[in-house]
Engineer: 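This is the structure I want to talk about, given as C-alpha cells.
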Number of protein chains: 2
Amino acid sequence: MSLKHAILVSLAERPASGYELVSRFDRSIGYFWRASHQQMYRELPKLQTAGWVSAEDVPQSGKPDKRVYAITDAGRDALAKWLRAPVGPEPVRESLMVKVRGAAVLGADHVLPEIRRHRALHADKLALFRQIEREQFGDGAGDDATGRCRYLALRSGVLYHESWVRWCDEALVLLERV
Amino acid sequence: MSLKHAILVSLAERPASGYELVSRFDRSIGYFWRASHQQMYRELPKLQTAGWVSAEDVPQSGKPDKRVYAITDAGRDALAKWLRAPVGPEPVRESLMVKVRGAAVLGADHVLPEIRRHRALHADKLALFRQIEREQFGDGAGDDATGRCRYLALRSGVLYHESWVRWCDEALVLLERV
DNA sequence: TGGTACATGTAACATGTTACATGATTTG
DNA sequence: CAAATCATGTAACATGTTACATGTACCA
C-alpha cells in the first residue's frame with residue numbers, strides 16, 4: 001500500500017540508490033516502515049515508470065556503479081496528496097497477544113518466556129530512542145516544523161516502547177505466580 | 001506466518017465454522033489479529049491437511065449447512081510449541097509516522113487533518129476497551145490464569161490506544177501553531 | 001421486494017519473505 | 001586469505017486485498 005510513499009518520503013529527504021535506501025530502511029525511516037532489498041529493487045522501477053522518481057547511473061571509482069534515484073515534481077505532488085488522504089488505522093497484528101490468548105487455554109507458563117524476551121527487546125529499543133532524544137533534542141523540539149516533525153516521530157517510538165514495557169511488567173506480576 | 005496459529009487459538013477456545021471464525025476475527029481475537037473471509041477459507045483446508053484441525057459438515061434447518069472445524073490433539077501440540085517459540089518483534093508499520101516524516105519535508109499543515117482523525121479513532125477504541133474492562137473485569141483480573149490472560153490481552157489494547165492518544169495530543173500542541 | 005444475516009467459495013493481483021546468484025573493494 | 005561492505009538483481013513461494021460469484025432464510 002504505502003511502501004511506494006515511504007520511499008518517496010525518503011527520496012524527498014535526499015536522493016539515493018536502492019542500496020542506500022535499504023540501509024535507511026534499517027534505521028531512521030525504518031523505525032516506522034520496514035522493507036527488504038528485494039522489495040526495494042522491485043518497487044523502484046515501478047516508481048520510475050509512474051514518473052514519480054528519476055534515475056541516473058553514477059559511475060564510481062573503486063566501487064560498483066550505482067543508480068541514484070531522485071523524487072520528481074510529479075512524485076512530490078503525489079506525496080503531498082497522500083499525506084492528506086485518510087489512511088485506515090494500521091491493521092493490528094500482535095502475535096504476542098495471540099499467544100496470551102492461547103495461554104488462556106493452554107496455561108500461562110507456556111508464554112512467560114516470550115513475555116520476558118519481549119520486555120527485553122522493548123526496553124532496548126526504548127533506551128536507544130531515549131538516547132537519540134537526548135543527543136538530538138536535548139534542548140527541546142526546536143522552533144521549525146521540520147525539527148518538530150522529526151522529534152514527534154521519535155517521540156512516538158518512545159511512547160510505544162514505554163507502553164509495551166509497562167504491559168510486560170503488569171503481565172509478569174499477574175502471571176508469574178498463578 | 002501465524003494466521004494459522006491465530007486460528008488454532010480461536011478453535012482451541014471452541015470449535016467453529018469458517019463463517020463464525022471470520023466474525024470472531026472482527027471482534028475478540030480480531031483486536032490482535034485481522035483476517036478476511038478469503039484468508040480463512042484458504043487457510044482452513046491447509047490446517048486440515050496438516051492434521052491440526054478436523055472438519056465436520058453440520059446440516060442446519062432454516063440455514064445453509066456449515067462445516068465446523070475443531071482443533072485436534074496434534075493441533076494442540078503445535079500450538080503449545082508455537083507459544084514457546086521466540087517470535088521476532090512485530091515488523092513496525094506506522095504509516096502515520098511515515099506521513100509525519102513526509103510533513104517534515106513538505107510542511108506540517110499537510111498532516112494535521114490526519115493526526116486529528118487518528119486521535120478520534122484511537123480515542124474511540126480506548127473508550128470501547130475501557131468499557132469492556134469495566135463490564136468484564138470491574139472487580140479485578142480474577143484468580144485463575146485464564147481470566148488473567150484475557151484481562152492482560154484487553155489491557156494491552158488499553159495501553160496501546162492510550163499512548164496513541166497521548167502522542168496525538170503532543171503532536172497537535174507542537175504543530176498546530178508553527 | 002429489498003436488505004441483512006448466514007454460508008462458502010474462485011480469480012487476479014499486490015505485497016512480503018526466503019533462497020539463490022554475482023562480483024568488486026576494503027579491512028583485519 | 002577471510003570477512004565485511006558496496007551494489008544489484010532473479011525465482012519461488014507465502015500472505016493479504018479486491019472483485020466476482022452463488023444461494024437460502026428471515027424481517028420489514
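The structure displayed is predicted, hence computed values, not measured ones. Chain A is the first sequence line, chain B the second, and so forth, proteins listed ahead of strands; every chain is numbered from 1.
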Engineer: Does a salt bridge link A:Glu114 with A:Arg117, judged by any charged N lying under 4.0 Å from a carboxylate O?
Structural biologist: yes

Engineer: Does the ring of B:Trp33 carry A:Arg93 above it, NZ/CZ under 6.0 angstrom from centre and within 45° of its axis?
Structural biologist: yes

Engineer: Using a cut-off of 6.0 Å, state whether more than 12 heavy atoms not belonging to A:Asp73 lie near its atom CG.
Structural biologist: no

Engineer: With a 4.0 Å heavy-atom cut-off, tell me which residues in residues 9-27 of chain B come close to DNA chain C, sorted by residue number.
Structural biologist: B:Ser17, B:Gly18, B:Tyr19

Engineer: Side chain of A:Ser36 only, please: which of C:dT17, D:dA7, D:dT17 is the nearest?
Structural biologist: C:dT17

Engineer: Starting from C1' on D:dG16, measure out to CD1 on B:Ile7 and report it in whole angstrom.
Structural biologist: 13 Å

Engineer: Nearest heavy atom decides the nucleotide; on that basis, is A:Ala35 or B:Tyr69 closer to the 5' end of DNA chain C?
Structural biologist: B:Tyr69

Engineer: Between B:Phe129 and B:Tyr160 (judged by ring centroids, cut-off 6.0 Å), do the two rings come close enough to count as a pair?
Structural biologist: no

Engineer: From the options D:dG16, D:dA7, C:dC6, select the nucleotide whose nearest atom is closest to the side chain of B:Pro64.
Structural biologist: C:dC6

Engineer: From CG of A:Asp65 over to C1' of D:dT8, roughly how many Å is that when rounded to an integer?
Structural biologist: 11 Å

Engineer: Can a donor-acceptor pair be found, under 3.5 Å and without considering hydrogens, that links the side chain of B:Arg166 to the backbone of A:Leu159?
Structural biologist: no

Engineer: Tell me the interatomic distance from B:Gln60, atom CD, to C:dC6, atom C1', rounded to whole angstroms.
Structural biologist: 8 Å

Engineer: Would you say CZ of B:Arg24 has more than 12 non-hydrogen atoms from neighbouring residues, nucleotides or ligands within 6.0 angstrom?
Structural biologist: yes

Engineer: Is it the case that B:Lys4 places NZ or CZ above or below the six-membered ring of B:Trp52, under 6.0 angstrom from the centre and within 45 degrees of the axis?
Structural biologist: no

Engineer: Scan residues 38-51 of chain B against DNA chain C and write down, sorted by residue number, each residue with any heavy atom closer than 4.0 Å; if none is found, say none.
Structural biologist: B:Gln38, B:Tyr41

Engineer: In whole Å, I'd like the distance from the CG atom of B:Leu3 to the C1' atom of C:dG16.
Structural biologist: 15 Å

Engineer: Please determine if a side-chain N or O atom of B:Lys63 lies less than 4.0 Å away from the OP1 or OP2 oxygen of D:dC26.
Structural biologist: no

Engineer: Starting the side chain at C-beta, find the nucleotide from D:dT8, C:dG9, C:dA7 nearest to B:His37.
Structural biologist: C:dG9

Engineer: To the nearest 10 degrees, how far apart in direction are the end axes of the helix from C:dT1-D:dA28 to C:dG28-D:dC1, each fit to five base pairs?
Structural biologist: 30°

Engineer: Given B:Leu79 and A:Leu106, is the side chain to side chain contact (heavy atoms under 4.5 Å, CB included) satisfied, shown in steps?
Structural biologist: CA-CA 9 Å; B:Leu79 182 54; A:Leu106 295 188; 3.8 Å; yes

Engineer: In whole angstroms, how far is the C1' atom of D:dA25 from the NZ atom of B:Lys66?
Structural biologist: 15 Å

Engineer: Looking only at side chains, do B:Ser95 and A:Glu90 share a donor and an acceptor under 3.5 Å apart?
Structural biologist: yes

Engineer: Tell me, do B:Val87 and A:Lys99 make a side-chain contact under 4.5 Å, heavy atoms counted?
Structural biologist: yes

Engineer: Do you know the tightest heavy-atom contact between A:Gly18 and A:Met40?
Structural biologist: O-CG, 4.0 Å

